[in-house]
Amino acid sequence: SVCILFFSSFLLGLLSSLVLSGLVLGAHALTPSHHLAASDVARLEAVLSQSFTDLQSAYYSIVGLNKLGVSVADTDEACRFLQSNVDPTSIASLFYAAEASQSLSGCEIPVSNETRDFLLAAVSEDSTISQIHNSVSTLSSLGLPLASQEVVSALTSRITKEDNVYAITLALQTAAHLSQQADLSGILEEIEDLAARLDDLGGVYLQFEEGLEATALFVTAAYALSDHVDMEPPLKEDQVIQLVNSIFSKKSWDSLSEAFSVACAAAALSNNRFHVPVIVSALGPATVSHRQPLLQLQVTNVLCDPLTSASVVVESASSVTTKSAILNQSPFSLRDGIFELNFMNSQPASGYYQFAVAVTGDSRLVANHIELKVKVSTEVVISNMDLSVVDKDQSIGTKTTRVDYPSKAKNSFVADSHQNFAMSFQLVDVNTGVELTPHQTFVRLHNQKTGQEVVFVAEPDSKNLYKFELDTAERKSEFDSISGTYALYLIVGDATLENPILWNVADVVLKFLDEEAPATVQTKTLYVPKPEIKHLFREPEKRPPTVVSNTFTALVLSPFLLLLILWIKLGANISNFSFSPSCILFHVGHAAMLGLMYVYWTHLNMFQTLKYLAILGSFTFLAGNRMLAQKAVKRSKVPHWIPLSSSTLV
Amino acid sequence: MAASLFSVISRFLEEYTNTTPNKLKLVDAYLLYILLTGAFQFLYCLLVGTFPFNSFLSGFISCVGSFILAVCLRIQINPHNKGDFLTVSPERAFADFLFANTVLHLVVVNFIG
């Protein structure tokens, strides 16, 4: 039962940690990595403010600028342009004129009854969605009645035939003009279907493969329809941010229609009933110091309009190194559209701080929790700079000289190989008096005559007192043993220091023993032709003298003589040699094989030998087989094999 | 101690001379020849050096291999062992001996350089 208890508690712990990690991961929502800055919005306005060449460009310019909250330069001129260029026989032309006139105050496009009938007739299953969209929008802009249910049925049947992104977006846009009594649920579902077709690129971007314009037009249409029927679009917050990244990543636009689509999308995302993405960015670098104690944030919508009604709060601010919390739920104050917080009031030590900022006040806000890294910088002051020359055998210095920044020591210090040159100092924060340990504390010795410089690092001890000791004898290799006067510099730098320091503290005369004097540094001789390398061929091995080898050859061959003698003594003879053909052929073949071995040693390679051996071998084998069979037969005829007989093997 | 050793050896030699068939004595003489040849090669190697090493190896391996094959032949044609080699006649043993020697010396000549 104890085991069960432990096991269940372990499972519970595992489950809770999983849930917690899920929450933690979920809490880290996506924030926009691309957005339009004020200069980009101005550029968009400039693109849309170009003078119009035809009705379509007039439509883009007038309606686009209207979306950005800006009006055309000369509204009367624009209105006249529309009225004179409209072509009542073209639905598209009527659409551009009607929509554009809607954006200009006090501009009316006169429309005859035939034109109206012509527009109404365009609403049918035989027209394309684009034509249906243009006629419905025109009728709606001109305030003329239309049959919403007919439009819905026409659109529904056309959607099945025209399945591309542009067409369905236009269908959505059309439905936004229809009466709310009509059954728009079928068309509303198309938002979700289209959203499923968006490509997720790296978790950062969400866009159609058809491009930026299609994505921007889809966003415009989706929010227009959703606002019209007052139903939240089926887009998750992360998807909305990814759409923001896709649409606003491009800061200069290829065509007027692309600029128009971006303006429409920006207007839709800054002013709809459901999702308003928040853009939070620091004004300038996110750095705070005693001279500039205010952390300034721009909190805007996608059109760079400040969200003045929102409340911006620092949920937590903690030091990156020590992880201690400095702030908790501190509000920003709004001044001239910028949200400010005086961070120096909390007296933070210099370093980096992780801020978690929340923007609240409107339930529509998306991506309203932001993580920000803020740097607190300070100024450093060098105190207690003591220089001395210490004899090696005594640890007590002869005399310490104190030097104050930025002056230089009056006398130069002399150190030869029996002495060490020592330096100690403290680095202190000028405002708080706290000891600092910057990243870069270097001591540079520069020989003015030869131009040589040697850099050392000064290290702090446990009490944050910096010490530097130069052992003249030990370090002579770095100086190439060149004696002379070296100017001593102290270099202090860090990312959080506003006043990096390069201070010529003193002059040090170093005396080295056994001075070599390379006039220039050896690097000059790197590119001179090097001495030629003579290839040494492998020398042949030493052979023993011929006498020795001859002697041993004779020695090695001598046992053969012994063998012959022994064999003769034992009575070996060839008296039983039969002259049968197989016997002769066998011996001939065998002798040939032995001869082949010799020829192989002297002339041939393995492949040739194997070839000849195969021929000779098979021949010898056949002959030998015959011969031995005959011998076996002869032997079996003898009653039994008599030892010590004179029968032979050969 | 030396006397008993001497008597053992002389007894052994006497038995050998009397009881061993002639055929086997011929093979034993061949074995002695091979042994001495190998020993002299090794002696050269010890005294003068191993250059050229491949030649020394092939010569030495030739001796060792031939010795082994001759021992096999001797075992197989020994009438005492007839019971162990019922399927192998002396002629067959000799043919095997020749074939194995051919293969051995093909490799030896290849390696001798």
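Quick note on labels: first sequence line is chain A, next is B, and so on, each numbered from 1. For clarity, every value in this text was computed on a predicted model and none was experimentally measured.
Environment of CZ in A/R444: crowded, with over 12 heavy atoms of neighbouring residues, nucleotides or ligands closer than 6.0 Å. Other residues, nucleotides and ligands contribute at most 12 non-hydrogen atoms within 6.0 Å of the CZ atom of B/F42. The environment of CZ in A/F442 is crowded: more than 12 heavy-atom neighbours from other residues, nucleotides or ligands sit within 6.0 Å.
Between B/Y44 and A/F552, the ring planes lie perpendicular to each other; the angle is over 60°, past the 30° to 60° tilted range.
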In sequence, state the C-alpha distance, the side-chain angles, and the governing distance for B/Y33 and A/L562, and then conclude on side chain to side chain contact (heavy atoms under 4.5 Å, CB included).
CA-CA 7 Å; B/Y33 151 66; A/L562 178 67; over 6 Å; no

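Identified by a heavy-atom distance below 4.5 Å to chain B, the contributing residues of residues 607-621 of chain A are A/T609, A/L610, A/L613, in residue-number order. Within residues 100-109 of chain B, the residues approaching chain A closer than 4.5 Å by heavy atoms are, in numerical order, B/T102, B/H105, B/L106, B/V109.
Side chain of B/N22 to main chain of A/L570: a donor-acceptor pair is present (N/O by atom type, distance under 3.5 Å, no hydrogens or angles).
Of all the listed residues (A/L555, A/L561, A/L566), the one sharing the greatest number of non-hydrogen pairs under 4.5 Å with chain B is A/L555. Between chain B and the options A/M606, A/M597, A/M627, the largest number of non-hydrogen pairs under 4.5 Å is found for A/M597. For the options B/L35, B/D28, B/L36, heavy-atom pairs under 4.5 Å to chain A are most numerous at B/L36.
Interatomic distance, NZ of A/K631 versus CZ of B/F94, reported as 10.0 Å (0.5 Å rounding). Here NZ of A/K569 is found 13.0 Å from CG of B/L26. Values are rounded to the nearest 0.5 Å.
Contacts of B/I34 with chain A are absent, with no heavy-atom separation under 4.5 Å from either backbone or side chain.
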